[in-house]
Amino acid sequence: MTSATRHRPPPLPTPRGPLSTAVRAALLGAPPPANIPIAASPAYGDDLQLALYTLYELHYRGFRDVPDTLEWDSALLACRATLEDRFLTALREDVPTTGTTATAALDELQVEPTADPDGTSVSFFLRDEGTLDQLREYAALRSLYHLKEADPHAWVIPRLRGRAKAGMVAVEFDEFGAGRPDEIHAELFADLMTDLKLETAYGHYVDAAPAEALATVNLMSLFGLHRALRGALIGHFAAVEVTSSPGSRRLAEALRRVGAGPAAVRFYTEHVEADAVHEQVVRRDVVAGLLESEPELEADVVFGVRATTYLEERLAARLLEAWRQGATALRGP
């Protein structure tokens, strides 16, 4: 597949209920839903998460046969706001933020175990007993995140100043390849997918992704698109960078163990060293710089850290339950 083909807008995903059906119909020319049936749809469920994902994608690559002008359609934005409110309300109810600081919340993530005694870590499982097929499933699901890896975080840059902005740009510069297009981390992940004989087209695996995977991607877009959530976006960014290096080391070991090729291994080995450096910049400059200039955002940073952890743990539970039963974690082949 050529680069131009891989980067074309994807087709619209297959609906999973009344919300995502109404959104798809609106994008294909039907009147936007005025009263969407949200009450019966779980906040973390397939239908709501897919509807939200679909609307968010209008701000990234869009969709085949969907006009670009719909990105800022007022009725669709109103629909998205209703879905966001349901998602964000659920997260605020489920994620505690009181009684701690941003530093303490990040310190909790730095307690790196040497083993996984409670069996809840995907990277430990894949390192120790994961099969090639399970690693391929993991890469397919993570492609919805990694093929846009740094993009939603970039939205926060004009909302920062001083030390926080300088640190954020320094880390994003690395994520975007430090001026070398073939070193953009999203491109490195596409190389990993090619090595694992996966389809590299943007958004190709959305129909296979369960709600738990969609929610982790939607969280980035939710935080990134709203200036009022800039502190939460920084918390999300910090949580990712703090946990990336040790997890990436285990995933690189898993890929070597199953005989994956060098491009697959390289994506994760690249993150072992780079994110160990990024972690220090994020803590010292981005988080500390933000709270120095806007100390009132500390609770939002904590919320971003813990919401990220909460949704990642939900995804891990879904994956591990399926794999330990010898089943697929995907919704389809």
Side-chain angles (χ1 to χ4, degrees), residues 16-17 19-20 23 36-57 59-60 77-106 108-109 120 122 141-142 144-145 148-149 151-153 155-156 159 206 209-243 282 287 290-291 294 296-319:
R16 303 182 191 179
L19 300 180
S20 49
V23 167
I36 57 175
I38 192 173
S41 185
Y44 305 125
D46 276 296
D47 192 25
L48 188 144
Q49 290 298 324
L50 180 63
L52 195 51
Y53 176 90
T54 303
L55 291 169
Y56 281 146
E57 282 302 309
H59 300 288
Y60 294 100
L77 290 175
C79 173
R80 195 190 85 193
T82 303
L83 299 173
E84 286 179 325
D85 182 66
R86 181 68 179 280
F87 184 34
L88 187 57
T89 297
L91 285 169
R92 291 202 184 279
E93 290 174 352
D94 294 333
V95 176
T97 60
T98 57
T100 192
T101 64
T103 298
L106 291 173
E108 292 169 4
L109 300 181
T120 61
V122 169
L141 293 179
R142 282 302 195 189
L144 302 180
Y145 172 96
K148 64 158 67 74
E149 183 170 359
D151 296 346
H153 293 139
W155 279 322
V156 83
R159 298 160 182 169
V206 63
E212 293 85 352
L214 296 179
T216 64
V217 182
N218 286 341
L219 187 71
M220 294 194 301
S221 301
L222 171 66
F223 290 165
L225 282 166
H226 292 272
R227 182 180 180 276
L229 294 173
R230 63 194 180 280
L233 189 281
I234 292 302
H236 179 282
F237 184 67
V240 170
E241 295 298 332
V242 165
T243 58
V282 169
V287 174
L290 173 71
L291 296 181
E294 298 184 90
E296 68 277 10
L297 295 182
E298 181 142 33
D300 288 346
V301 175
V302 173
F303 175 63
V305 171
R306 291 191 165 170
T308 302
T309 302
Y310 178 73
L311 293 181
E312 287 293 337
E313 288 175 348
R314 286 177 55 87
L315 175 59
R318 168 72 182 242
L319 299 179

Quiz item: How far apart are the C-alpha atoms of Y145 and M220, what are their side-chain angles, what is the distance that settles it, and do they pass the side chain to side chain contact (heavy atoms under 4.5 Å, CB included) test?
Solution: CA-CA 9 Å; Y145 172 96; M220 294 194 301; 3.0 Å; yes
Exercise. Give the C-alpha distance, both sets of side-chain angles, the deciding distance and a yes or no for side chain to side chain contact (heavy atoms under 4.5 Å, CB included) between V282 and V242.
Key: CA-CA 8 Å; V282 169; V242 165; 5.8 Å; no
Exercise. First locate atom CD of E212, then atom CG of D46, and finally report the distance between them rounded to the nearest 0.5 Å.
Key: 7.0 Å
Exercise. Kindly give the heavy-atom pair with the smallest separation between A102 and V287, and that separation in Å.
Key: CB-CG1, 4.2 Å
Exercise. Check whether any side-chain N or O of R159 sits under 3.5 Å from a backbone N or O of V156 as a donor-acceptor pair, and report yes or no.
Key: no
Self-check item: Residue pairs, two or more places apart or on separate chains, that pass salt bridge (Lys or Arg N to Asp or Glu O under 4.0 Å) and touch residues 79-95
Solution: R80-E84
Quiz prompt | Shortest non-hydrogen contact between P152 and S221, atoms and distance | solution = CB-N, 4.4 Å
Self-check item: D300 and T97, any side-chain heavy atoms less than 4.5 Å apart
Solution: no
Self-check item: L48 CG to I38 CD1 distance, which is reported to the nearest 0.5 Å
Solution: 5.5 Å
Exercise. Classify the ring geometry between H236 and H153 as parallel (under 30°), tilted (30 to 60°) or perpendicular (over 60°).
Key: tilted
Quiz item: Checking salt bridge (charged side-chain N to carboxylate O under 4.0 Å, His left out) for the pair R142/E312: CA distance, chi angles, key distance, verdict?
Solution: CA-CA 11 Å; R142 282 302 195 189; E312 287 293 337; 2.5 Å; yes
Self-check item: Distance, nearest 0.5 Å, that separates CG of L222 from OH of Y56
Solution: 4.0 Å
Practice problem: Report the residues that fulfil ring-ring contact (aromatic ring centres under 6.0 Å, His included) with Y53, sequence neighbours left out, ordered by chain and then residue number. | Solution: none
Quiz item: Can you tell me how far OH of Y44 sits from CD of Q49, rounded to the nearest 0.5 angstrom?
Solution: 8.5 Å
Exercise. Taking all heavy atoms of A215 and all of L311, pick out the closest pair and write down the distance.
Key: O-CD1, 3.6 Å
Quiz prompt | Non-hydrogen atoms of F223 and A307 that approach each other most closely | solution = CZ-CB, 4.3 Å
Quiz item: Pick one: which of T54, L52, L88 meets side-chain contact (heavy atoms from CB on, under 4.5 Å) with L83?
Solution: L52
Exercise. Quick one: pull up CG in L319 and OG1 in T120 and give me the separation to the nearest 0.5 Å.
Key: 12.0 Å
Quiz item: How long is the gap from CG on L297 to CG on L290, to the nearest 0.5 Å?
Solution: 5.5 Å
Practice problem: Considering non-hydrogen atoms only, spot the tightest contact between V23 and C79 and give its length. | Solution: CG2-SG, 4.2 Å
Quiz item: In this structure, which one of L91, V301, V95 forms a side-chain contact (heavy atoms from CB on, under 4.5 Å) with R306?
Solution: V95
Quiz item: Where is the tightest heavy-atom contact between P210 and L141, given as atom of each residue plus distance?
Solution: CD-CD2, 3.6 Å
Practice problem: State, with a plain yes or no, whether a side-chain heavy atom of L214 is found less than 4.5 Å away from one of V206. | Solution: yes
Quiz item: Is the ring centre of Y60 less than 6.0 Å from the ring centre of W155?
Solution: yes
